[in-house]
Amino acid sequence: MIKYFSSTDFELPGQSKISSWLVQAIKKEGYSLQDLEFNFCSDEGLLKINQEFLGHDTLTDVITFDYSEDKKISGEVFISIDRVRNNASEFTQDFEVEIRRVMVHGVLHLCGHKDKSSKDKEAMSDMENFYLDSFS
């Protein structure tokens with residue numbers, strides 16, 4: 001089950017369609033869904049999480065907390081709506097596409113994918129694009 005929460009005025013449009021798409025991505029990665037929460041917040045809110053839990057004093061668009069066991073996805077994904085809007089503008093991307101990009105990015109982390117090295121970042125970007133292309 002996928003749940004959506006927001007500490008801002010943002011409401012994710014098309015939640016059921018996005019949920020189905022994410023479940024298909026999870027299955028394609030060889031996992032099953034146990035429970036997943038998406039929490040939409042502001043830059044300020046995500047910065048506090050980044051500082052408190054990760055010791056980083058920087059803005060980011062997405063932070064994922066993984067509680068998965070035995071190929072069963074369980075986790076929380078926190079997304080800064082401010083960063084997503086900024087990134088969409090900076091990369092001349094549609095906001096709805098960019099929000100789906102960070103959502104599937106969080107899911108890919110829960111499926112064990114990393115993005116620390118430049119090689120891993122490129123692979124992650126390719127996977128994001130693959131799943132974005134499958135959204136209809």
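Treat the numbers as computed from the prediction; the structure is a model and nothing was measured.
A 6.0 Å sphere centred on CG of Asp70 holds no more than 12 heavy atoms belonging to other residues, nucleotides or ligands. Heavy-atom neighbours of Gln93 CD from other residues, nucleotides or ligands within 6.0 Å: above the threshold of 12.
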task = Decide side-chain contact (heavy atoms from CB on, under 4.5 Å) for Asp57 and Asn50; before the verdict, give the C-alpha distance in whole Å, the side-chain angles of both, and the deciding distance to 0.1 Å.
result = CA-CA 7 Å; Asp57 193 21; Asn50 210 5; over 6 Å; no
request  = Step by step, work out the side-chain contact (heavy atoms from CB on, under 4.5 Å) result for Val77 and Asn39.
outcome  = CA-CA 6 Å; Val77 179; Asn39 298 279; over 6 Å; no
key: Ile73/Gln34 under side-chain contact (heavy atoms from CB on, under 4.5 Å): CA gap, chis, key distance, verdict   = CA-CA 5 Å; Ile73 295 297; Gln34 184 169 333; 5.9 Å; no
task = Take Ile79 and Ile63 through the side-chain contact (heavy atoms from CB on, under 4.5 Å) test and state the conclusion after the steps.
result = CA-CA 7 Å; Ile79 296 173; Ile63 294 176; over 6 Å; no
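With rounding to the nearest 0.5 Å, the separation of CZ in Phe40 from OG1 in Thr8 is 8.5 Å. Taken to the nearest 0.5 Å, the CD1 atom of Ile49 stands 5.0 Å off from the SG atom of Cys41. The distance from the CD atom of Glu90 to the CZ atom of Arg83 is 8.5 Å, given to the nearest 0.5 Å. The NZ atom of Lys72 lies 14.0 Å from the CD1 atom of Ile26; values are rounded to the nearest 0.5 Å. Taken from CG in Asn86 to CD in Glu98, the straight-line distance is 10.0 Å, to the nearest 0.5 Å. Taking CG from Leu12 and CD1 from Ile18, the interatomic distance works out to 4.0 Å, rounded to the nearest 0.5 Å.
Here Leu47 sits in one hydrophobic cluster together with Leu59; the rule is ILVMFWY side chains under 4.5 Å apart, joined directly or through other members.
Side-chain polar atoms of Ser80 and Asp43 form a donor-acceptor pair below 3.5 angstrom. Side-chain contact, Arg101 with Asn129: a donor N or O sits under 3.5 Å from an acceptor N or O.
For the ring pair (Phe, Tyr, Trp, His ring centres under 6.0 Å) condition, the pairs that include at least one residue of residues 91-114, sequence neighbours left out, are Phe10-Phe95, His105-His109. The stretch residues 116-136 participates, sequence neighbours left out, in these ring pair (Phe, Tyr, Trp, His ring centres under 6.0 Å) pairs: Trp21-Phe135. Applying the side-chain hydrogen bond (donor to acceptor under 3.5 Å, both in side chains) test to every pair with at least one member in residues 9-20, sequence neighbours left out, gives these pairs: Tyr4-Ser19.
With sequence neighbours left out, Lys114 forms a side-chain contact (heavy atoms from CB on, under 4.5 Å) with Asp120. Scanning for ring pair (Phe, Tyr, Trp, His ring centres under 6.0 Å) contacts around Phe53 gives Phe65, with sequence neighbours left out.
In the hydrophobic cluster analysis, where Ile, Leu, Val, Met, Phe, Trp and Tyr join through side-chain heavy atoms closer than 4.5 angstrom, Leu132 is grouped together with Val107. Transitive grouping of hydrophobic side chains (ILVMFWY, heavy atoms separated by less than 4.5 Å) keeps Phe5 and Ile81 in distinct clusters. Connection of Leu108 to Ile99 is established within a shared hydrophobic cluster, with ILVMFWY side chains joined at heavy-atom distances below 4.5 Å, either directly or through further cluster members. Side-chain heavy atoms closer than 4.5 Å link hydrophobic residues (I, L, V, M, F, W, Y) into clusters, and following such links, possibly through other members, connects Val104 to Val84.
Under a 4.0 Å N-O distance rule, the pair Glu96/Arg100 does not qualify as a salt bridge.
With contacts defined as side-chain heavy-atom distances shorter than 4.5 Å, the pair Phe38/Met103 qualifies. Considering only heavy atoms from C-beta on, Leu33 stays 4.5 Å or farther from Leu22 through its side chain.
A donor-acceptor distance shorter than 3.5 angstrom exists from the side chain of Ser68 to the backbone of Ser74, with no hydrogens or angles considered.
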